[in-house]
Amino acid sequence: MSWGCGLCQLLAGGVLLALLAQLVRWLRADGDLTLLWAEWRGKKPGSIACLQTSPETELRGKVVWVTGASSGIGEELAYQLSKIGAFLAISARREDELERVKKKCLQISTLTEKDILVLRLDLTDRSSHEAATNSVIKHFGKIDVLVNNGGRSQRSLFMDTNLDVYSAIMELNYLGTISLTKHVLKHMIERKRGKIVTVSSVMGIMGAPLASGYCASKHALQGFFNSLRTELTDYPEISIINICPGPVQSKIIQNVFTENLAKSLENSGDQSHKMPTDRCVRLTLVSTANDLKEAWISDHPYLAVCYLWQYAPTWAWWLMNRMGKRRIQNFKSGLGMLRALA
């Protein structure tokens, strides 16, 4: 009897230690646990193979088209992908900035001029998306990965914001993204393989004040791509991957929508408290290599809020209402822009 009790205590102690280890791991996390497991083990979820699946092994030699590549996450994606040895198509509205990014990619990698295609693209000009897609295919012969990274954030209260701002947000962040996806997906279906990676946001999981239009566009992307994934079950080699970053050090805050289309943000504030862009991009590439359907990439407390929103929404509402009230007060007093979520 005593031997049996000792064994039970030992098992209970082992379980508690395992739970404690997971808690410590979670407290130190900068991404959801599935993503961090993929980074650590380097294997696709559910795979029984022993071969590692890292960005270096999975993406080298692949043709990757990155939108919004002139700054921020898109720019860093270009740099890390070039070091890996992926062939790049980089797009944005500012062609001069794209040329700057290409020049640096060539300096830090073994890629040649023909391995990087600079392609000016305006996501709001949907009539140009088919021709742009054909240009990438003509240059490289295929598209293995599309990274939908183009878009703009928002900082304004709903009651102060003109409706044409909401129209512009949805046109750029949502309609422009799914328009380009439609043309690229046609090519991937013909090849029966490919990856469509969309940089959404933690704002696509939760709600937050001062970003109602931005949140709406990211929720729309989440709903669209989660639905699209279910329409592609006949194509198991086509992956739909949603990336949900929290606050990241980038220039996105300098180009946000405000209460009217003509007004720009005057002060972007200190960004040192946000996740470094290179870490966000590394985890994005890990997610892409491992075909994760959704990845949360953020430090705490934003990562914790994602878990609350997913598993304890009543608590999440209570917390966000308290945080939101303070955030609006700071915004009205001129401090909110410095403390805003990305």
Side-chain angles (χ1 to χ4, degrees), residues 25 29-69 72-90 105 108-111 115-116 136 140 142-149 181 184-185 187-188 191-202 221-222 225-226 228-229 232 235-246 248 275-298 303:
R25 185 183 178 200
D30 57 2
D32 67 82
L33 295 182
T34 301
L35 168 56
L36 296 184
W37 176 268
E39 181 187 31
W40 177 48
R41 299 295 295 173
K43 296 179 182 178
K44 294 181 180 179
S47 172
I48 60 174
C50 295
L51 296 176
Q52 285 195 338
T53 307
S54 67
E56 286 74 16
T57 58
E58 183 74 9
L59 300 176
R60 181 179 291 112
K62 298 294 175 60
V63 176
V64 184
W65 187 5
V66 182
T67 66
I73 291 174
E75 179 179 354
E76 181 63 25
L77 274 167
Y79 297 151
Q80 293 195 25
L81 284 165
S82 66
K83 290 178 181 178
I84 288 172
F87 303 128
L88 291 173
I90 53 176
C105 286
I108 64 177
S109 72
T110 59
L111 298 181
D115 296 331
I116 304 177
V136 179
F140 292 108
K142 62 176 182 176
I143 300 172
D144 293 303
V145 183
L146 169 65
V147 182
N148 289 313
N149 177 67
T181 296
V184 175
L185 182 58
H187 167 71
M188 290 182 175
R191 299 182 66 234
K192 298 184 178 180
R193 62 170 58 90
K195 299 174 188 282
I196 295 177
V197 182
T198 300
V199 179
S200 180
S201 170
V202 295
L221 287 175
Q222 293 284 111
F225 283 105
N226 286 338
L228 176 61
R229 191 184 295 111
L232 297 173
Y235 304 95
E237 296 301 314
I238 297 179
S239 302
I240 303 295
I241 301 163
N242 294 337
I243 305 296
C244 301
V248 176
M275 176 181 283
T277 312
D278 59 348
R279 177 58 178 165
C280 175
V281 167
R282 177 61 187 180
L283 291 178
T284 297
L285 294 180
V286 169
S287 305
T288 303
N290 287 274
D291 293 328
L292 302 186
K293 293 179 175 63
E294 182 170 294
W296 303 344
I297 301 174
S298 180
L303 181 62

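For reference, positions follow the sequence shown, starting with 1.
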(message) Evaluate Val147 against Ile243 for side-chain contact (heavy atoms from CB on, under 4.5 Å), listing each step before the verdict.
(response) CA-CA 10 Å; Val147 182; Ile243 305 296; over 6 Å; no
(message) Could you measure the distance from the OG1 atom of Thr284 to the CD1 atom of Ile297? Nearest 0.5 Å is fine.
(response) 3.5 Å
(message) I need the Ile238 CD1 to Leu185 CG distance, nearest 0.5 Å.
(response) 5.5 Å
(request) Please name all residues satisfying side chain to side chain donor-acceptor pair (under 3.5 Å) with Thr198, sequence neighbours left out, ordered by chain then number. (result) Asn148
(message) I'd like to check the side chain to side chain contact (heavy atoms under 4.5 Å, CB included) partners of Ala86; sequence neighbours left out, ordered by chain and number.
(response) Val64, Leu81
(message) If the condition is side chain to side chain donor-acceptor pair (under 3.5 Å), which residues does Glu39 pass it with, not counting sequence neighbours?
(response) Arg279
(request) First locate atom CG of Asp30, then atom CG of Leu303, and finally report the distance between them rounded to the nearest 0.5 Å. (result) 8.0 Å
(request) List the atom of Pro245, the atom of Ile73, and the distance in Å for their closest heavy-atom pair. (result) CG-CD1, 4.4 Å
(request) List for me each residue that meets salt bridge (Lys or Arg N to Asp or Glu O under 4.0 Å) alongside Arg191, sequence neighbours excluded, and say none if there are none. (result) Asp144
(message) Checking the side chain of Asn149 only, and the main-chain atoms of Thr67 only, is there a donor and an acceptor separated by less than 3.5 Å?
(response) yes
(message) For Glu76, give me all partners under salt bridge (Lys or Arg N to Asp or Glu O under 4.0 Å), at least two apart in sequence or on another chain.
(response) none
(request) Would you please name every residue forming a side chain to side chain contact (heavy atoms under 4.5 Å, CB included) with Ser239, sequence neighbours left out? (result) Lys195, Ile241, Asp291
(message) Using 0.5 Å steps for rounding, measure from the CG atom of Asp278 to the CG atom of Leu283.
(response) 10.0 Å
(message) As an exercise, state the distance from OH of Tyr79 to CD1 of Ile90, rounded to the nearest 0.5 Å.
(response) 8.5 Å
(request) First locate atom NZ of Lys83, then atom CZ of Arg60, and finally report the distance between them rounded to the nearest 0.5 Å. (result) 14.0 Å
(request) Tell me, please, which residues at least two apart from Trp65 pass ring pair (Phe, Tyr, Trp, His ring centres under 6.0 Å). (result) none
(message) Please enumerate all residues that pass side chain to side chain donor-acceptor pair (under 3.5 Å) together with Thr277, with sequence neighbours excluded.
(response) none
(request) Would you mind reporting whether Met188 and Glu237 have side-chain heavy atoms less than 4.5 Å apart? (result) no
(message) Go through it in stages, so that I can follow the logic: the residues are Glu294 and Ser200, the test is side-chain contact (heavy atoms from CB on, under 4.5 Å), and I'd like the CA-CA distance, side-chain angles, deciding distance and then a yes or no.
(response) CA-CA 10 Å; Glu294 182 170 294; Ser200 180; over 6 Å; no
(message) Could you work out, with side chain to side chain donor-acceptor pair (under 3.5 Å) as the rule, every residue matching Asn226, not counting sequence neighbours?
(response) Arg229, Asn242
(message) What I'd like to find out is whether the side chain of Thr181 reaches to under 4.5 Å of the side chain of Phe225, using heavy atoms alone.
(response) yes
(request) For residues Lys142 and Gly61, report the shortest heavy-atom separation together with the two atoms involved. (result) NZ-O, 4.5 Å
(request) Under the side chain to side chain contact (heavy atoms under 4.5 Å, CB included) rule, collect the residues that match up with Ser82, sequence neighbours excluded. (result) Leu88, Cys105, Ile108, Ser109, Leu111
(request) Locate the shortest heavy-atom distance separating Ala295 from Leu35; write the atom from each residue and the value. (result) CB-CD2, 4.1 Å
(message) Testing the basics here: between Arg282 and Glu56, what is the closest heavy-atom pair and its distance to 0.1 Å?
(response) NH1-OE2, 2.8 Å
(message) Is it the case that the side chain of Asn290 and the backbone of Thr53 share a donor-acceptor pair, with hydrogens and angles ignored and the cut-off at 3.5 Å?
(response) yes
(request) Please tell me if the side chains of Leu77 and Leu285 come closer than 4.5 Å, counting only heavy atoms from C-beta onward. (result) yes
